[in-house]
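Here is the structure we will look at, set down as structure tokens.
Residue numbers start from 1 in every chain, and the chains themselves are labelled A, B, ... in the order their sequence lines are given, proteins ahead of strands.
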Protein chains: 2
Amino acid sequence: MTQQYHPLTEPEAIEFAKTIPGLFRPDAVLTSREIGDGNLNLVFHISDPSSGASIILKQALPYAKVVGESWPLSLDRARIESEALRIEGELCPDLVPQVYRYEPELALTVMEDLSDHIIMRKGLIERRTYPLFAGHIGRFLARTLFFTSDLGMNQQDKKERQKRFINPDLCKITEDLIFDHPYTDADTNSFDAAIRDEAEQLWNDKELHLEVARLRHGFLTNGQALLHGDLHTGSIFVTEQSTKVIDPEFAYYGPMGFDIGAVLANLLLNYAGQEGWNEEGESRNEYRAYLLQTIKDVWTTFERQFRELWDEANVDRISGTKAFQDIYVEQLLRDTFGYAGCKMVRRIVGLAHVADIDTIPDAAAKERAQRLALTIGKSLIKSHRQAASIDELIELAEKSVI
Amino acid sequence: MTQQYHPLTEPEAIEFAKTIPGLFRPDAVLTSREIGDGNLNLVFHISDPSSGASIILKQALPYAKVVGESWPLSLDRARIESEALRIEGELCPDLVPQVYRYEPELALTVMEDLSDHIIMRKGLIERRTYPLFAGHIGRFLARTLFFTSDLGMNQQDKKERQKRFINPDLCKITEDLIFDHPYTDADTNSFDAAIRDEAEQLWNDKELHLEVARLRHGFLTNGQALLHGDLHTGSIFVTEQSTKVIDPEFAYYGPMGFDIGAVLANLLLNYAGQEGWNEEGESRNEYRAYLLQTIKDVWTTFERQFRELWDEANVDRISGTKAFQDIYVEQLLRDTFGYAGCKMVRRIVGLAHVADIDTIPDAAAKERAQRLALTIGKSLIKSHRQAASIDELIELAEKSVI
């Protein structure tokens with residue numbers, strides 16, 4: 001079934017779903033629900049109420065809608081997403097949705113339904129805990145980053161893979177919204193009037209700009225590994241037992257620390273957002289301790305497994321020494337601090353915010369949370385080249401709470 | 001005239017040359033001379049003896065012959081070479097041969113004949129001086145590196161360009177022969193028995209290996225700019241008035257310092273090779289002084305013009321500061337030292353040597369030259385991360401002569 005590209009209707013989505021063998025009974029009466037946010041993609045949830053079987057059809061739209069504007073966006077990102085999911089699925093089968101079909105003409109990916117999971121950001125806002133998460137995501141980071149890098153795969157094959165993940169449209173979003181606009185008075189910026197002083201400080205902090213320029217340059221040039229490219233807690237589905245990383249449409253070859261930093265930044269944004277719920281001081285402190293422990297466990301799991309992979313599976317002869325491994329991992333930690341900081345700052349003053357903070361009802365508490373996130377973010381950016389231990393990030397987060 | 005790929009015969013080369021409009025008179029009787037070394041490419045020199053008009057047809061062969069072995073090599077390198085020549089030609093029209101035609105099916109490029117020039121390596125061996133060379137190559141480096149980087153071109157267009165210059169086959173040659181084999185007892189290595197002690201030291205020097213691992217990692221991941229990729233003095237045609245950079249089949253996106261270092265390394269190899277001609281102490285010292293002055297002028301011209309381009313034509317808002325420019329240029333100098341060192345070492349103990357040293361008739365003098373080149377090369381590698389001025393390289397070269 002090859003078709004010219006057009007956005008599918010719900011009846012068409014159902015017809016398409018029926019062509020995937022082995023998912024539904026031939027006589028099933030399927031229902032469809034469009035559950036995407038409509039900005040970038042159509043997402044159809046197709047199910048057979050009588051059997052409970054269900055799948056997701058995700059179709060890329062040829063434009064992005066943001067702040068009322070619409071700009072063209074390559075449909076090639078659907079190919080990139082499906083290929084990234086397959087690579088991640090080979091390396092960590094339990095940590096990504098299964099892909100059943102990719103239909104290039106329609107920019108359509110058919111994949112496992114994860115409706116029994118919830119978006120991790122929502123779970124964190126509800127102060128749920130995920131005892132297996134740090135181990136899962138640490139393993140995801142270690143394996144996907146190691147085995148797509150020059151350390152873990154043939155260097156010529158890596159170059160061919162890098163070619164398939166040249167991703168200009170989606171990288172531009174990151175380059176503009178994370179590494180540029182928050183540091184100047186850009187139209188896309190969005191922040192509460194109460195923290196205008198903070199925004200203006202960001203626009204005028206030359207020391208900060210210099211560190212952001214370094215990190216931006218690394219993002220533009222450092223093709224270390226195939227990144228997910230947008231690994232925030234809204235791209236992670238969880239239950240207490242399960243973790244699933246979704247939506248790798250920003251995938252491209254970039255600095256490993258960008259993915260690791262994204263995870264830590266979003267945990268820290270929730271940490272800052274706890275400021276909003278001070279009527280429950282005791283449990284707030286407990287939850288913050290849980291978040292910091294999770295951050296530490298994510299890094300520690302990542303580092304341990306990354307080093308184990310290096311010891312067991314390194315394919316780069318001259319990199320095989322313990323001394324170079326130490327240098328490499330130290331640089332990853334530094335990059336992680338820096339990128340985590342950039343990811344925090346943009347969520348407070350830039351175009352896209354996070355619900356962890358935006359949904360705080362009390363204006364004063366929300367302002368405190370925003371200032372706290374900026375304090376941590378800026379400190380991470382400014383100190384990133386001196387980072388030597390994940391404990392420094394934990395201490396920084398702790399001491400930033402007034 | 002589209003044809004299936006096959007290596008051209010001389011009569012076929014002549015027929016093809018006649019199809020290029022405006023080069024030869026319709027009734028011209030053309031002659032062909034195959035002047036390639038037969039290892040990687042066929043090179044036909046086609047001329048009309050009656051008018052003196054002439055062109056070069058360069059055709060890639062589907063294999064490389066090295067040390068008697070033959071291994072397959074992608075014909076895509078002919079496309080890469082012709083596209084790189086066009087980009088370089090747009091940026092520095094006077095510094096590359098003009099391309100008249102590229103024929104993808106035949107992996108064939110038709111270009112300007114530069115027979116009035118000589119290969120620079122040969123000129124240096126004959127102790128000729130090229131007063132305009134440093135200015136020319138400094139400008140070539142500044143313009144080609146700046147305008148193909150994220151600093152000088154749109155960052156999304158740069159990614160599309162990077163995709164066109166993914167060049168696994170040719171990069172593998174560099175990765176193996178420059179960044180791996182000289183530092184282990186590899187079959188491809190080739191060195192005189194007299195310096196086996198030096199080779200064995202290279203294989204066992206852990207401090208050196210660590211720095212080479214850093215530089216290799218930079219070569220594998222740091223997609224800063226479109227490099228020539230093989231910018232030694234055998235890839236440069238010169239007269240006293242003219243400089244022409246040829247043979248960019250190794251072109252790919254890599255660290256800028258790799259190209260700059262290649263130029264300096266080959267000047268330094270000739271400097272070391274002067275050891276072979278000690279019957280003329282006075283003029284030897286003069287020529288060495290000329291070489292060191294040329295090295296200094298190449299870097300100085302590059303740096304000045306690169307900074308001017310940055311000030312005038314930078315397209316990356318947050319990189320636009322003087323402070324970041326200083327950091328960036330300092331890192332380029334460090335990379336240049338490191339890559340220059342790697343390029344020197346491989347030419348003494350690795351597969352491919354240089355005539356500047358290999359043709360020294362006196363065995364003892366040749367050995368002194370080889371040891372001198374290794375001393376300078378190893379020092380550059382080990383000290384590269386501390387480099388702060390091109391004068392340090394000059395001093396290092398001077399004090400290494402015993």
Between A:E200 and A:N204, does a side chain to side chain donor-acceptor pair (under 3.5 Å) hold up when you go through it step by step?
CA-CA 6 Å; A:E200 289 181 355; A:N204 293 305; 5.9 Å; no

Check the pair B:K172 / B:D169 against salt bridge (charged side-chain N to carboxylate O under 4.0 Å, His left out), numbers first and verdict last.
CA-CA 5 Å; B:K172 175 152 180 66; B:D169 282 14; over 6 Å; no

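Aromatic ring orientation, B:F258 versus B:Y252: perpendicular (interplanar angle above 60°, classes split at 30° and 60°).
Contacts between residues 142-152 of chain A and chain B, counted as heavy-atom pairs separated by less than 4.5 Å, involve A:D150.
The local environment of CG in B:D187 is sparse, with at most 12 non-hydrogen atoms from other residues, nucleotides or ligands closer than 6.0 Å. The number of heavy atoms from other shown groups lying within 6.0 Å of NZ (A:K322) is above 12.
In terms of non-hydrogen atom pairs under 4.5 Å with chain A, the most contact-rich of B:I327, B:D157, B:N167 is B:I327. Chosen from A:K159, A:R317, A:Q224, the residue pairing most often with chain B at heavy-atom distances under 4.5 Å is A:R317. If you tally non-hydrogen atom pairs under 4.5 Å between each of B:T184, B:I166, B:T321 and chain A, the highest count goes to B:I166. Considering only heavy-atom pairs separated by less than 4.5 Å from chain B, the leading option among A:R164, A:R216, A:E160 is A:R216.
The existence of a salt bridge linking B:D205 and B:K378 is excluded, since no basic side-chain nitrogen approaches an acidic carboxylate oxygen closer than 4.0 Å. Taking a cutoff of 4.0 Å between a charged side-chain nitrogen and a carboxylate oxygen, B:K343 and B:D259 do not qualify as a salt bridge. Between A:R79 and A:E83 there is a salt bridge, since a side-chain N of the basic residue sits under 4.0 Å from a carboxylate O of the acidic one. At a threshold of 4.0 Å, the pair A:R77-A:E81 does not count as salt-bridged, since none of the basic side-chain nitrogens sits closer than that to a carboxylate oxygen.
Residues forming a side chain to side chain contact (heavy atoms under 4.5 Å, CB included) with A:A107 (at least two apart in sequence, or on another chain): A:Y5, A:A60, A:L75, A:A78.
Proximity to chain A is limited to the side chain of B:E175, based on heavy atoms less than 4.5 angstrom apart. Residue contact with chain A, scored on non-hydrogen atoms closer than 4.5 Å, is absent for B:K206. Interface residue A:Y328: only side-chain heavy atoms are found under 4.5 Å from chain B. Proximity to chain A (any heavy atom under 4.5 Å) is shown, for B:R214, by both the backbone and the side chain.
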